[in-house]
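Report on one structure; see the data block that follows.
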Amino acid sequence: MDRARRAHGAIRPRSVLALLTAALLAVPGLTALSSAARAADADVSRNGGFESGLTGWTCTAGTTVNSPVHSGDHALQATPAGSDNAQCAQTVAVQPDSQYTLSGYVRGSYVYLGASGTGTTDVSAWTQSAPDWQKLTTTFRTGATTTKVTIHTHGWYGTGAYYADDISVVGPGGGTTGQPPAPPTGLRATSVTSSSVGLSWSAVTGATSYAVYRDGVRVQTENGTSATVTGLTASTAYGFQVTASNDAGESAKSAVVTATTGTGTDGGSGGLPAHALVGYLHASFANGSGYTRLADVPDSWDVIDLAFGEPTSTTSGDIRFNRCPVTACPNVESDADFKAAIKAKQAAGKKVLISIGGQNGQVQLTTTAARDAFVSSVSKIIDGYGLDGLDIDFEGHSLSLNANDTDFKNPTTPVIVNLISALKTLKARYGSKFVLSMAPETFFVQNGYQYYGTGKWGGQDPRCGAYLPVIHALRDDLTLLHVQDYNSGPIMGLDNQYHSMGGADFHIAMTDMLLTGFPVAGDADNVFPPLRPDQVAIGMPASTNAGNGHVSPSEVTRTLDCLTKRTNCGSYATHGTWPALRGLMTWSVNWDRYSNWEFQRNFDSYFG
C-alpha cells in the first residue's frame, strides 16, 4: 500500500492393416509369412477412447468429457497450468525389436502425442493448432530387450485445454506389463481432530504408490500405507477412499470410510462472532482519508488492525510501532487515551491487533537473530498496548522462495522458515486466545495454482505462492486469512479461466480456491488443502479511493450470496456452500468513514 491509499499492496488401424495386407499379398512368396505376421498385430494400448474414464492412464490435470468427442461417448480433456503441461501417460506391453505405430486424434493448440522408453529413439508428433479433430501418427521400433513403452499426450504451458481420443499403439502383441494392483483393503481412520483425519490401510502386493481421495477428489499421494488429511472443517463428515498404483495403472477405489471431525474448542475463532467485520485503522500515518481516533470507530468493527508496525531495517527483525505524530495528525489522541480506547473495545468484545508490514514495511527474517528480534519486539508492542494478537501483512519482497525450495509442505528458505518459527513461538507464548491473522496479496497465494517459486525450469518470480508454506504450517493456529482481493492482476481460478478485479466473480473464484484447496503449480499430487470457512474473510477496498478493485455494495452482496447460500452466483461455479464463512476485511476503516460508512453499513445490513 502506498501512503496515499496505503492499500494492501501470465485412417483407422483396421484400415491401415487391410491396406498393408493387400500390398504384401501382391508380392510372390510372401503371402503366408505376411499374413501370419499381420495377424499377430494388435492394439496394445488400453482404454484409448477413454470410455472407461481415466482407467489405465495417469494424468496430472486430466478428466473425461462427453463433448467434444472423436468417436464413442467420451474423450480426454487436460488443462496445462503453471509449470505443468497436463501430461497423460500409459505404460504398454511390447515385444522386443518390433515396429509399432502410435496414433490418436487431438484438438487444441500445441498438442503432443509421443512414446518414451522405446529402447531406441523416442518419438513424438504434435500440432500447433487443431481447431477440429486432427490425427497425429508416429512410428517407433523397440530395442532388443524392451518389453514396455510409455505413451503420452501433453499440451503446452498456459495454452488452455486440449483434447485427445482414440489413441492406439498397433504392433506385435503378446507382451505384458502385468495388471494394475488390487484395490486397497483395511482402510480406517486412526485419528481425528477438528481439522484433520489420520488414515491407514493394508499394503497391496505390487503397488508402488497410493492415492488418497476425499469425497471423490484426489487430495494427496503417498508411498506408504498411511496419511493425514489436513485443512478440514470442524464437525463435518468426510468420505475417504484409497487407490493403489504401479506401472500398469491405478486400481479401483477402496471402500469408503467416513470420519467426522471434532468440534474443537472455540473452532479456532479467537473469540470472534460468527460473522466478523475486519478493518485496518491508520494509526501510524496520515493520508487523504483523515485520522480516525480508535474510540470513534463504530461498534460494527469486530477486529481492528492497527496499521502498521514496521522494522528498523529490512533484515533486522526489530519491529517498532510509532503512532501518528501531531504534526501529521492534528486530532491524534494521547497515548493514555489510545490505550484506554483499546481496553474499551476489548470490553465490548472487539479484538485489537498490531499489523506488521504494509507496502513500506518490508520484513525479511533472513537469520535466526532476526527471528528472535522479531519475537521480542512484537511481544513488546503487544504487551505495551495490551493487544489481542498479530496481523501479518508482508508485501513486496518480504517473502520469496529460494530456487531449490519446491515443496510448500517442507519449506527450506530462511525467510519462510524463520517466520513460521516466530509465529509459532508467539502463538505458544500467548495461548489459544491469541488472534493470528494474515493479509497476503493474491500473487502470494492463489497465483500458486499456476506458479510456485522459480518453477521447475527457473525464470519465474520467486515470490509466486510464497505465502503458501506459511499459511499451511500455521493453519491450526491461524484465526483469519483475509487475502487482499484488490490491487491484483488477473488470477486463474479452479475453472482454469482468468478472473479480474471489479466484480463479484473475482471474489467468488478467489475465495472458492481457499475453501476448496488447489494443486500447487498444477501438480495433482501436491495439493494445498482447504481452509476452514471460519478462518476465511474476503478482503475488499472500502471505496474507490482505497485501492484498485473496489466493487459496489450490490456486488459484495452477490459475493456473499453465492459463497454462503449458493445463489446469485453468476458465471463461476463454486465447489461448495459455506454459510460459516467468517466475513469481510477492508482497507480501511478510515476510507470507509470518508465514504460515509458504505462498506460497514452494507455488512451490517447483510449479516444483521
Side-chain angles (χ1 to χ4, degrees), residues 1 7-9 269-270 272-281 297-305 307 349-353 355 391 393 435 437-442 445-446 478-488 501-515 531-565 567-569 574 577-608:
M1 299 177 232
H8 288 45
S269 69
L272 300 180
H275 301 293
L277 179 61
V278 182
Y280 287 79
L281 183 69
V297 176
D299 287 343
S300 295
W301 300 88
D302 300 295
V303 180
I304 302 166
D305 293 324
K350 312 305 178 183
K351 306 297 179 181
V352 185
L353 316 183
S355 180
D391 173 70
D393 182 16
V435 178
S437 66
M438 299 181 192
E441 297 162 294
T442 55
V445 183
Q446 289 94 336
L478 185 64
T479 311
L480 279 177
L481 178 73
H482 29 63
V483 176
Q484 302 173 34
D485 286 0
Y486 45 91
N487 296 339
S488 169
M501 300 182 302
D505 279 358
F506 184 71
H507 298 295
I508 293 167
M510 294 302 98
T511 308
D512 180 63
M513 295 178 77
L514 301 177
L515 297 173
L531 293 166
R532 303 190 314 267
D534 65 274
Q535 289 178 296
V536 176
I538 309 170
M540 301 177 172
S543 68
T544 55
N545 297 300
N548 296 319
H550 173 259
V551 296
S552 66
S554 63
E555 290 296 280
V556 176
T557 296
R558 191 161 75 84
T559 299
L560 295 172
D561 279 347
C562 181
L563 292 168
T564 65
K565 304 173 184 175
T567 61
N568 207 14
C569 282
T574 66
T577 307
W578 301 280
L581 179 75
R582 182 62 71 183
L584 300 178
M585 174 274 280
T586 193
W587 179 264
S588 62
V589 174
N590 303 60
W591 280 118
D592 197 35
R593 181 183 185 184
Y594 186 85
S595 299
N596 196 29
W597 304 113
E598 180 182 74
F599 193 89
Q600 171 204 300
R601 288 188 287 108
N602 189 58
F603 177 90
D604 289 343
S605 175
Y606 192 88
F607 287 111

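Every value quoted in this text rests on a predicted model; they were computed, and no experiment measured them. Atom set for the values below is all heavy atoms of this structure, side chains included, hydrogens, waters and symmetry mates excluded. Count residues from 1 along the sequence.
- Taking each heavy atom of Val445 and Pro440 in turn, the nearest pair found is CG2-CG, 3.4 Å.
- Separation of atoms CG (Asn602) and CZ (Phe607) is listed at 10.0 Å; rounding is to 0.5 Å.
- Between the side chain of Arg532 and the main chain of Leu581, no donor-acceptor pair closer than 3.5 Å is present.
- In this structure, the separation between CH2 on Trp587 and CZ on Phe599 is 13.5 Å, given to the nearest 0.5 Å.
- Between Leu560 atom CG and His275 atom NE2 the span is 9.0 Å, to the nearest 0.5 Å.
- Using a 4.0 Å cut-off between charged side-chain N and carboxylate O, Glu555 and Arg558 make a salt bridge.
- Listed for the Asp592 side chain is a donor-acceptor partner under 3.5 Å among the backbone atoms of Gln600.
- Among residues two or more places apart in sequence or in another chain, the ring pair (Phe, Tyr, Trp, His ring centres under 6.0 Å) test is passed with His550 by none.
- Across all their heavy atoms, Thr479 and Val435 have their closest contact at OG1-CA, 3.6 Å.
- The heavy-atom pair separating Ile304 from Val297 by the smallest distance is CD1-CG1, 3.9 Å.
- Every residue two or more places apart in sequence or in another chain was checked for a side chain to side chain donor-acceptor pair (under 3.5 Å) with Thr559, and none qualifies.
- What you find for Val551 and Gly502 is that their closest heavy atoms are CG1-C, 3.5 Å.
- The main-chain N or O of Leu478 is found under 3.5 Å from a side-chain atom of Gln535 such that the two form a donor-acceptor pair.
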For this session: Start with the C-alpha gap between Asp534 and Leu272, add the side-chain angles, then the distance that decides, and say whether side chain to side chain contact (heavy atoms under 4.5 Å, CB included) holds.
Result: CA-CA 10 Å; Asp534 65 274; Leu272 300 180; over 6 Å; no

For this session: For side chain to side chain contact (heavy atoms under 4.5 Å, CB included), just list the numbers for Asn590 and Leu281, CA-CA rounded to whole Å, side-chain angles, deciding distance to a tenth of an Å, and then say yes or no.
Result: CA-CA 6 Å; Asn590 303 60; Leu281 183 69; 3.5 Å; yes

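- Ring geometry, Trp591 versus Tyr594: the interplanar angle exceeds 60°, so the pair is classed perpendicular (tilted spans 30 to 60°).
- Residues Ser437 and Asp305 come closest through the heavy atom pair OG-OD1, 4.5 Å.
- Shortest non-hydrogen contact noted between Val589 and Trp597 is O-CZ3, 3.7 Å.
- Under a 3.5 Å cut-off, the side chain of His482 and the backbone N or O of Met438 do form a donor-acceptor pair.
- The distance from atom OG of Ser543 to atom CG of Asn596, rounded to the nearest 0.5 Å, is 11.5 Å.
- Of the options Leu514, Val536, Leu563, a side-chain contact (heavy atoms from CB on, under 4.5 Å) to Trp578 is made by Leu563 and by none of the others.
- A donor-acceptor contact shorter than 3.5 Å links the side chain of Asp302 to the backbone of Leu277.
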Let me check something: any side-chain donor-acceptor pairs from residues 503-513 under 3.5 Å, sequence neighbours excluded? List them with distances.
unit_1, atom_1, unit_2, atom_2, d
Asp505, OD2, Ser571, OG, 2.5
His507, ND1, Asp485, OD2, 3.1
Thr511, OG1, His507, O, 2.7
Asp512, OD1, Thr516, OG1, 3.1
Asp512, OD1, His575, N, 2.9
Asp512, OD2, Tyr572, OH, 2.6
Asp512, OD2, His575, ND1, 2.8

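- Between the side chains of Tyr280 and Asp391, at least one donor-acceptor pair of N or O atoms lies under 3.5 Å.
- Considering CG of Leu515 and CG of Leu531, their distance stands at 7.5 Å, rounded to 0.5 Å.
- Without hydrogens or angle criteria, Thr586 side chain to Ala542 main chain gives a donor-acceptor distance under 3.5 Å.
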